[in-house]
Protein chains: 2
Amino acid sequence: MSKELTEKAKLLVNSARELFFKHGIKRVSIEEICQKANVSKMTFYNYFKDKDELAIHIADIILDAELNNLMENDAKPIHFEEKIRNHMLWSYQIYNESGNEFFSEALDADESTVFGKHVKEKTLEVFKFSKNMILKAQKKGEVKPGLKIELIMFLGDMTKKIMANPEIQKLYPDKIQMFKDICNIFYYGIINSEGDKPF
Amino acid sequence: MSKELTEKAKLLVNSARELFFKHGIKRVSIEEICQKANVSKMTFYNYFKDKDELAIHIADIILDAELNNLMENDAKPIHFEEKIRNHMLWSYQIYNESGNEFFSEALDADESTVFGKHVKEKTLEVFKFSKNMILKAQKKGEVKPGLKIELIMFLGDMTKKIMANPEIQKLYPDKIQMFKDICNIFYYGIINSEGDKPF
DNA sequence: TACCAACCTTACGAAAATAGTATAAATAGA
DNA sequence: TCTATTTATACTATTTTCGTAAGGTTGGTA
């Protein structure tokens, strides 16, 4: 897939992204992607080896954008709390534009598959950057001192999984509220607010 | 499917309802339904001829409940506007409990298929009752006089289709707002409010 | 005990959907 | 015109799904 993407290829990517987000990867066929994009199947195989490669490409676009957004926010001269709030908002808009089947699947993806392995690796990059960001914030006193970064990272990963969990989603007819609640527990629970004494 | 439903069969119905609502009928396999319900495939075929029969059964449950809810509200000594508001609320809760793929599909279902034909017929019953309800309301002066019931019914049908249209849904990140807007146009636009003069 | 109904597992062949390829023709821009 | 891109069609291979058969397990009941 090292080729430059033409108009037709972009149509395929967009069509696939919409379908994957809505239905998940395994429930969408290549022909369906082509039909939605009004592109012939041969053109699909001209640009992508198979469905997995296309899915990886889409995951990359999104995860790259996520990393980029994290970096942008981190570069701003604002409090950690605001950086996170900004990024939360951004994430919400991207991941919820039409369902979240794609990443529910991606996060649970079997690591033995090509797709699963790739997503895990890519996610790790974002993970590392976040970790560093939190570390810096902790040093500046914006995050509770003494908390292990590894623990915070683990909880951050859990946060995503919790949000993708159907049982949790059932509890919230309003997805935005769910998002806020879970993020609040994670982020604002670790903020070093003035009156707090270390536990 | 005239058999009484046992516990296992109910598990199948519930599991299928969830999956159908979320992914639509065609994207869900019988085995998947069985797995989710923790019921063997043979038991499935013991109660249902095929996926269509199960889908019809589920559609019946919901459409019967809808008709029932309409009747209940109609029996109350309240203004037409409130009857409709109650029913709207009920409908919203049912149809949006986890996506609406099932009825998007059902409403567009090919009439040549067994499923499509059945759903159309069943919908017609609800349709007839609504028609009568509107007619009564019109006679009582609660709906604008002069409006053809057939036109109102047609618009009512359109309303459902509009709500199921992906393009329209895209316009509304907030589905509740979409629902309100569309229903308001349909229902409250036809209400005989005090100051209005007949057009 | 013997029996029965509901359900299970395993296995299987048939049918349908999907994947992926080959070929030749159409299109559109340099 | 030459070239690159895209398309349509047609085909085979693979995978998924369907639907059935056979035999075993469980738990309640006469």
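Convention: sequence-line order gives letters A, B, ...; per-chain numbering from 1.
- For the pair B/I30 CD1 and C/dA16 P, the interatomic distance rounds to 14 Å; values are reported in whole Å.
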Could you go through B/H118 and B/D52, starting from their C-alpha distance and side-chain angles, then the distance that decides it, and tell me whether this counts as side chain to side chain donor-acceptor pair (under 3.5 Å)? CA-CA 10 Å; B/H118 185 87; B/D52 254 29; over 6 Å; no
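- The side chain of B/Y47 sits closest to C/dA6 out of D/dG19, D/dT20, C/dA6.
- When only modelled atom types and interatomic distance are considered, A/E72 and A/H87 share no side-chain donor-acceptor pair under 3.5 Å.
- Contact annotation for B/K8: backbone-only contact, meaning every heavy-atom pair under 4.0 Å involves sugar-phosphate atoms and none involves a base.
- Whole-Å rounding puts the A/E32 CD to C/dA16 P distance at 20 Å.
- Classification of A/R27 and B/E32 as a salt-bridged pair holds, one side-chain N sitting under 4.0 Å from a carboxylate O.
- Atom pair A/F44:CZ and C/dT21:C1' shows a separation of 14 Å (rounding to whole Å applied).
- Nearest nucleotide to the A/K41 side chain, out of D/dT5, D/dT7, C/dG20: C/dG20.
- As rounded to whole Å, 14 Å separates atom C1' of D/dA8 from atom CG of A/N38.
- Distance CD (A/E7) to P (C/dG29): 13 Å, rounded to an integer number of Å.
- Qualifying side chain to side chain contact (heavy atoms under 4.5 Å, CB included) partners for A/A37, counting only residues two or more places apart in sequence or in other chains: A/L11, A/L12, A/S15, A/V39.
- Residue contacts for A/D52: at a heavy-atom cut-off of 4.0 Å it reaches no nucleic acid atom on any strand shown.
- Of the possible donor and acceptor atoms, one in the side chain of A/N73 sits under 3.5 Å from a partner among the backbone N and O of A/N69.
- Residue A/T43 has its side chain nearest to D/dT7 when only D/dT20, C/dA19, D/dT7 are considered.
- Atom-to-atom, CD1 of A/I25 to C1' of C/dT18 comes out at 16 Å; the value is rounded to the nearest Å.
- Using a 4.0 Å heavy-atom criterion, one finds that B/S40 contacts the bases of the nucleic acid, with or without backbone contacts as well.
- Between A/E31 atom CD and D/dA8 atom C1' the separation is 12 Å, expressed in whole Å.
- One interatomic measurement links the two molecules: CD of B/Q35 to C1' of D/dT17, which rounds to 12 Å at whole-angstrom precision.
- Residue B/S29 has its side chain nearest to D/dC18 when only C/dG20, D/dC18, D/dT9 are considered.
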